[in-house]
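The next block holds one structure in the form of structure tokens; read it before the comments.
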Amino acid sequence: MQLIFSHNVWLHICFVCLFVCVSRVACTCACTVDQYYYGDRNDIQHAGVQYILDSVVDQLLKNPDRRFIYVETAFFYRWWKRQSSSMQQTVRQLVNEGRLEFVNGGWCMSDEATTHYSAVIDQMTLGLRFLNETFGPCGRPRVAWHIDPFGHAREHASMFAQMGYDGFFFGRLDYQDRDRRMLDKEQELLWRASDSLTPPMADLLTGILPNGYNPPNGFCWDQSCDDPPIRDDPDLEDYNVDDVLKRFLTIANGQSSVYKTNHIIMTMGSDFQYENANLWYKNLDKLILYVNALQANGSNVNVLYSTPSCYLQELHRANLTWALKTDDFFPYADNAHDFWTGYFTSRPALKRYERISNSNLQTCNQLEVLGGPVSRKGPFGEGESQTMKKAMAVAQHHDAVSGTEKQHVANDYARRLANGWKNCQVLVSNSLAALSGSLAPRIHCDNLNISVCPLTETSKKFSVNVYNPLARPVTWLVRLPVNGTAYIVSDARGKSVECEVVPVSSATREVRRNRGFAVNELVFLVQAPPLGFTTYSVSLHAHGPPPASTRQRTPAAIQNRFLRVTFDPDTGLLSSLSNLKTKQTIKLTQNFYWYNASDGNNSLSNQPSGAYIFRPNSSTPFVISKTAKTESIRTAVVQEVRQWFAPWVSQVVRLHADSRALELEWTVGPLPIDDDLGKEVITRLDTSIKTSQYFYTDSNGREVLRRKTDFRPTWHLRQSEPIAGNYYPINSRAFIKVCDDADQLTVVTDRSQGGGSISNGSLEIMLHRRLLYDDMRGVAEPLNETSDIFPEGLVVRGRLLLSLDPPASAADAHRPLAQGVVLQPLLTFTDGDLHRNTQLEFSGLQAALPPAVHLLTLTQWDEGLVLLRLEHQFQSWESKVNSQPVTVNLQKLFSTLVVLGVSELNLSANQWKEEMRRFHWTPQTDFSTWEMTLRPMEIRTFLLRVR
């Protein structure tokens, strides 16, 4: 090994000055966004982002060598708006000269386990657009920077590469992985982040920072730190320059021995530091001066202020080969019994609300385009989507949708989403009024999941507008709370639609807590056109048949023309699932269990379960009940088996007439803690499928990765937590399949959750957590959720969709199924009769897009400009039919927009595609004027000039 002090090799040390408004110990988990910016609630966490920027700009101006990097645009945007024009000009000069550098540049530093790729792209676009319009090319970040998220997703790296980033730096990885990489000098690597996109489209040079986001030990000079300053007056008794240099060179020597080049990076800053930037810069100036002065005596160490992009450029100039990585960095553990896999499920209600909000925002964006200018200022007032965009963007933060914040912070995120949706509802109503020609007031019912909608509960005649945000037709089971016993439903053409009235379940009556009084549900199937709406009329039938009755026994089976599900008559549990079209049958049992959360009083470790960490006391969960009390409903529209396992766990097994997937609607909570035991509730599917320890999970809702129990692809795992150490994030789906490719059982989720395959043929998913201890990672309170409505503990409801298919065609089913859960139809209601000239059906497309193509983004960019993203939603290996290139003609895409011109952008829409350069390579393109071809897993972004 070559020493760094040899005469022929210089060691260049790059100081990167930063403050961190995102971390595990004093982060956005502790205070709200507003509190952090203004420095409010310093009793929780001392912070004041506005003062940091004031101080840093002042100090940068005093020395042209100084540098500073800034990460999250949301905070910077707030500060920038309040600056004078002269200060703004000063900051522009600092950016143009490279002294203030933006890295990452999204609205926030997103979580990587629990975020959906569509929301990540949106929040990155929002932040990068502001930087682009404010600072031009000099403000465009060249480096992705995720120093705090708790594990790293392959899809994130793929997106960063497609956004034009040259490299990616992060701070956290598994302690075993880091140990191995330090030995082999592989802390900088080439991450090949897609198995479908042609290299180097998703290749990203990735670096692991030596100290996370902190300075080297003993070299923190912030007002919040206790390290001694550099005392360089030799006349004083406590002169310490020699000691400082000795300690610094020892650290530098040690760091250089575990990295590959003679350039190393040191982060100089941490949580909410630089409020008094003079403390940092004065000491750094001295350190640089005295270290470099040693060169006169033969030292080969050179220290300088730098930035991540400059450091990355030196790695590139080294012209070396780099270790290749093709998997991801989950799960993350910082010690043998400390796996950060609990947050995959933490705050499941917030996770679901974020996912619903994403669907609502995409609908809002689309209708703003389709409805035109009147959607923003129309008969129902002034509507806008920007508030919702910002609320959704900040909700992607790694201490937001992750569920790793204090309770009052979680409430603040939910409040922001709710306020954003109120503004969007006005826009939606204006747009639908313009497209339908009806000025009738539109009612939004946001609590349909618990059978609450005052209009449908009381009205004798109303209409339902069903807007479909997908670019293909959908069939959707509508369930509306009503108090009548019979209704007549007709579609947009006046044709009668089969419907049934069924009683509301006792579980639903319990969870709605006097927020609604419907005794029945009206159920019928709707069919909505692509990127458009249809309208159904509903009338009370005074002399109709009575509602469907429930049977107080377990049926042998329920089935439609696609699926058959059987039940064990003795236990009331599922016993098998069959695909009638492919003639497949598997044994399938499903039940609910709970892990006893560790309280930290354990002989192996004092680590308890908390918001971040999952640590069960035992590898064997407790079964909630071995049997389920059941009742069933069988109608021509829907069949249900309602199961009760305990007063706090129930489920509806549901199969509607045209469904190719079995729905399991679970309701869990309030989790009992009167026994002083924290509980982590799972549902487990046990099957006859022989999986040989393999299972599959998605990455941010997009590409699927193969997993193996007790295994990591890039190092030899010493497994110390057989349950938590085998949990992975499930963002939208997971599946198990027979190794001989006979059967594949896919589970589509309605929010991000954690899960794994602990035993052969088994798949478990964590649904809810209630914990009595803090895990000592920064939240500083237990994950013990209550609310005004549920003071005794939060009740959560969700859905799992199960499909059984041959592996060769399974993706043809689960890809559109998962997209339909992410972007679900939006229902709005009008009371009474509609005007006779009302347009009852509309599609914004000339024709549905091919099955392989998903319309990811349609949003207003500027006057006359529309941002469009189309994606190929299949991986190259997963479908014989749909894993093929697809060509789409953009000029023939929309029914109401005339496309006058088109230009292609990178994924984040802040560079023209043809101008995007990532060092010495350029992504391949095949762009023609109107026709564009999508290859498997490719997303293409266009700016359309429209009329």
Side-chain angles (χ1 to χ4, degrees), residues 14-28 30-31 33 35-42 45-80 82-83 87 90-91 93-95 97-105 108-109 141 143 145 147-148 169 171 209 211-230 265-288 303-308 310:
C14 302
F15 282 164
V16 175
C17 299
L18 73 160
F19 86 92
V20 184
C21 57
V22 285
S23 80
R24 68 177 176 88
V25 185
C27 178
T28 308
C31 296
V33 176
Q35 289 165 352
Y36 274 134
Y37 179 79
Y38 286 108
D40 193 10
R41 294 306 304 270
N42 282 335
Q45 165 63 43
H46 183 84
V49 175
Q50 58 177 332
Y51 310 123
I52 293 170
L53 287 161
D54 292 340
S55 182
V56 165
V57 170
D58 175 69
Q59 289 299 311
L60 289 177
L61 294 173
K62 292 180 178 180
N63 183 344
D65 294 332
R66 293 173 176 176
R67 301 288 184 270
F68 193 80
I69 65 167
Y70 202 95
V71 181
E72 295 186 305
T73 302
F75 278 129
F76 184 86
Y77 170 79
R78 287 181 171 212
W79 179 84
W80 177 262
R82 289 161 176 80
Q83 303 311 302
M87 175 57 75
T90 297
V91 174
Q93 181 180 344
L94 291 173
V95 172
E97 293 173 357
R99 295 154 66 187
L100 174 61
E101 178 176 297
F102 294 100
V103 296
N104 212 68
C108 72
M109 187 187 298
V143 171
W145 186 261
I147 53 178
D148 196 38
F169 290 96
L209 296 170
N211 302 303
Y213 47 77
N214 295 306
N217 189 36
F219 292 86
C220 184
W221 290 305
D222 194 76
Q223 62 190 19
S224 63
C225 298
D226 298 324
D227 296 337
I230 296 178
I265 188 171
M266 290 184 181
T267 49
M268 291 295 180
S270 191
D271 286 317
F272 298 104
Q273 295 189 2
Y274 284 81
E275 274 191 41
N276 184 351
N278 179 55
L279 297 175
W280 264 112
Y281 282 115
K282 190 167 187 176
N283 283 279
L284 288 173
D285 286 348
K286 291 179 181 181
L287 184 61
I288 292 171
V303 187
L304 67 154
Y305 287 112
S306 188
T307 63
C310 292

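Below, all heavy atoms of this structure are taken into account, side chains as well, without hydrogens, waters or symmetry copies. In this chain, numbering begins with 1 at the start of the sequence shown.
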Point-to-point distance, once rounded to the nearest 0.5 Å, from CD1 of I265 to OG1 of T307: 8.5 Å
Atom pair CD1 (I69) and OG1 (T267), whose distance is rounded to the nearest 0.5 Å: 8.5 Å
Minimum heavy-atom distance S224-Q273, with the two atoms named: OG-NE2, 3.7 Å
Sidechain-backbone polar pair: R78 side chain, A74 backbone, donor-acceptor under 3.5 Å: no
L61 CG to L94 CG distance, which is reported to the nearest 0.5 Å: 5.0 Å
Spatial distance of atom CH2 (W79) from atom CE (M87) [nearest 0.5 Å]: 5.5 Å
Non-hydrogen side-chain atoms of P141 and E101 separated by less than 4.5 Å: no
Test log, rule side-chain contact (heavy atoms from CB on, under 4.5 Å), inputs Y281 and D65: CA-CA 10 Å; Y281 282 115; D65 294 332; over 6 Å; no
Neighbour count >12 (heavy atoms, 6.0 Å) for atom NZ, K286: yes
Beyond-backbone contact of L100 with L60, side-chain heavy atoms, under 4.5 angstrom: yes
Worked check of side-chain contact (heavy atoms from CB on, under 4.5 Å) between V91 and Q83: CA-CA 10 Å; V91 174; Q83 303 311 302; over 6 Å; no
Test of ring centre spacing under 6.0 Å for W80 and Y77: no
Distance (rounded to the nearest 0.5 Å) between M266 CE and S306 OG: 13.0 Å
Which residues share a side chain to side chain contact (heavy atoms under 4.5 Å, CB included) with N214, sequence neighbours left out: S270
Heavy-atom check, side chain of R66 versus side chain of D285, under 4.5 Å: yes
Derivation of the side-chain contact (heavy atoms from CB on, under 4.5 Å) call for F219 and N283: CA-CA 9 Å; F219 292 86; N283 283 279; over 6 Å; no
Side-chain touch Q223/E275, heavy atoms, less than 4.5 angstrom: yes
CG-CG distance between D222 and N276, expressed to the nearest 0.5 angstrom: 8.0 Å
Exercise: identify the closest heavy-atom pair between M268 and P215: SD-CB, 3.9 Å
Close side-chain approach of N278 and S55, heavy atoms under 4.5 Å: no
Criterion side-chain contact (heavy atoms from CB on, under 4.5 Å) on F75 and L53, from CA distance to verdict: CA-CA 10 Å; F75 278 129; L53 287 161; 5.8 Å; no
Residue list, disulfide bond (SG atoms under 2.5 Å apart) with C220, at least two apart or on another chain: C225
Candidate list Y70, W221, F68, test ring-ring contact (aromatic ring centres under 6.0 Å, His included), partner Y274, passing option: F68
